[in-house]
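The shown structure was predicted, so the numbers you read here are calculated from the model rather than taken from an experiment. Letters go in sequence order (proteins before strands), and every chain restarts at 1.
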Amino acid sequence: SAVISQKPSRDICQRGTSLTIQCQVDSQVTMMFWYRQQPGQSLTLIATANQGSEATYESGFVIDKFPISRPNLTFSTLTVSNMSPEDSSIYLCSVDEDTQYFGPGTRLTVL
Amino acid sequence: GIQVEQSPPDLILQEGANSTLRCNFSDSVNNLQWFHQNPWGQLINLFYIPSGTKQNGRLSATTVATERYSLLYISSSQTTDSGVYFCAVALTTDSWGKLQFGAGTQVVVTP
């Protein structure tokens, strides 16, 4: 099973700033996924990150707001840009190896 | 997109009780998984079960793909079973890891 770590685990940020979240996997994976969980809600897929190509974004999410990097097969970053209080959520990184594994999440609060 | 409906939304159990959680989905899927999100936010994969029946300790799950539903059974519940249980699916025509989550069932097990 994959072991996934995320940094930071939590952060409090000011409106208008940006935060980059890092995701590290202990094995090489083709695809990595970024999900958002708004307070009291379920998970929503933001984008799929493939190494060597542009990320694929789901409806309602755009690259300018959530730029993603995937420099190698074990690492990805998600940036939350020009933040507003509505961006306060848990952001989770995920990989699939038949079953889906999730990182511990980054708990973001925007003031 | 595919609809994923979970019931009941909330469940309060006395320790030792049994319960059944249900997940209905609106389209053909190639991937169905059950997750437990503990009170600290960590998502744990319980079952990958696009069809058939599986058991793991006190938990078991059954998916009837032709009728588009899945059931999660919790037997002899313990306080550590508290948390939110999510059903998540991926369309047959879509990428494996692009999961659509249901709204979840909030379970509270009381001593």
Side-chain angles (χ1 to χ4, degrees), chain A residues 1-6 8-11 21 23 25 29-51 53 55-61 68 70 73 76 88-109, chain B residues 1-10 21 23-25 29-52 54 56 59 61 63 70 72 83-91 93-108:
Chain A
S1 63
V3 176
I4 305 171
S5 59
Q6 288 186 231
S9 58
R10 58 178 63 232
D11 207 342
I21 301 167
C23 176
V25 188
V29 293
T30 304
M31 291 191 286
M32 296 175 75
F33 305 88
W34 288 98
Y35 287 81
R36 180 177 75 180
Q37 186 175 25
Q38 294 178 297
Q41 303 296 311
S42 184
L43 282 78
T44 301
L45 179 64
I46 298 172
T48 303
N50 288 329
Q51 195 266 336
S53 63
T56 304
Y57 289 83
E58 298 301 305
S59 176
F61 298 97
I68 287 171
R70 182 76 200 276
L73 291 174
S76 178
S88 297
S89 297
I90 301 173
Y91 292 86
L92 300 105
C93 173
S94 175
V95 302
D96 72 86
E97 294 182 347
D98 291 335
T99 56
Q100 198 96 353
Y101 297 99
F102 285 83
T106 295
R107 194 175 295 264
L108 171 63
T109 301
Chain B
I2 189 170
Q3 305 298 313
V4 184
E5 297 180 353
Q6 291 187 243
S7 60
D10 301 280
L21 283 58
C23 172
N24 293 332
F25 45 96
V29 300
N30 65 358
N31 184 354
L32 186 147
Q33 301 185 44
W34 283 96
F35 296 88
H36 175 222
Q37 188 169 40
N38 65 26
W40 297 270
Q42 179 68 54
L43 267 170
I44 304 298
N45 188 291
L46 300 175
F47 294 104
Y48 161 69
I49 187 166
S51 64
K54 289 187 177 180
N56 184 2
L59 301 180
T63 297
S70 183
L72 178 70
V84 183
Y85 290 80
F86 290 105
C87 168
V89 303
L91 290 173
T93 55
D94 217 338
S95 298
W96 190 264
K98 294 176 67 173
L99 294 176
Q100 175 73 44
F101 279 74
T105 294
Q106 174 85 54
V107 173
V108 175

Engineer: Could you look at A/Tyr101 and say if it's the side chain, the backbone, both or neither that has a heavy atom under 4.5 Å from chain B?
Structural biologist: neither
Engineer: What part of A/Thr48 gets closer than 4.5 Å to chain B, counting heavy atoms only: side chain, backbone, both or neither?
Structural biologist: side chain
Engineer: Heavy-atom distances under 4.5 Å only: say whether B/Gln37 touches chain A with side chain, backbone, both or neither.
Structural biologist: side chain
Engineer: What distance separates A/Phe102 CZ from A/Asp96 CG, expressed to the nearest 0.5 Å?
Structural biologist: 10.0 Å
Engineer: Can you say whether A/Phe33 sits under 4.5 Å from chain B via the side chain, the backbone, both, or neither, judging by heavy atoms?
Structural biologist: side chain
Engineer: I need the minimum non-hydrogen distance between B/Phe86 and B/Leu43, along with the two atoms involved.
Structural biologist: CD1-CD2, 4.1 Å
Engineer: Answer with side chain, backbone, both or neither: which region of B/Leu99 has an atom nearer than 4.5 Å to a non-hydrogen atom of chain A?
Structural biologist: both
Engineer: Roughly how far, to the nearest 0.5 Å, is the CG atom of B/Leu72 from the OG1 atom of B/Thr105?
Structural biologist: 9.0 Å
Engineer: Can you tell which part of A/Ile90 gets under 4.5 Å to a heavy atom of chain B, answering side chain, backbone, both or neither?
Structural biologist: neither
Engineer: Determine the minimum heavy-atom distance between A/Leu45 and A/Phe61, stating which atoms define it.
Structural biologist: O-CE1, 3.4 Å
Engineer: Which pair of non-hydrogen atoms, one from B/Ile49 and one from B/Ala61, has the smallest distance, and what is that distance?
Structural biologist: CD1-O, 3.1 Å
Engineer: Counting only non-hydrogen atoms closer than 4.5 Å, does B/Phe35 touch chain A with its backbone (N, CA, C, O), its side chain (CB onward), both, or neither?
Structural biologist: side chain
Engineer: Specify which of A/Gln37, A/Arg107, A/Gln41 makes the most heavy-atom pairs with chain B at under 4.5 Å.
Structural biologist: A/Gln37
Engineer: Any donor and acceptor pair, going by atom type alone, linking the side chain of A/Glu58 with main-chain N or O of A/Thr44 inside 3.5 Å?
Structural biologist: no
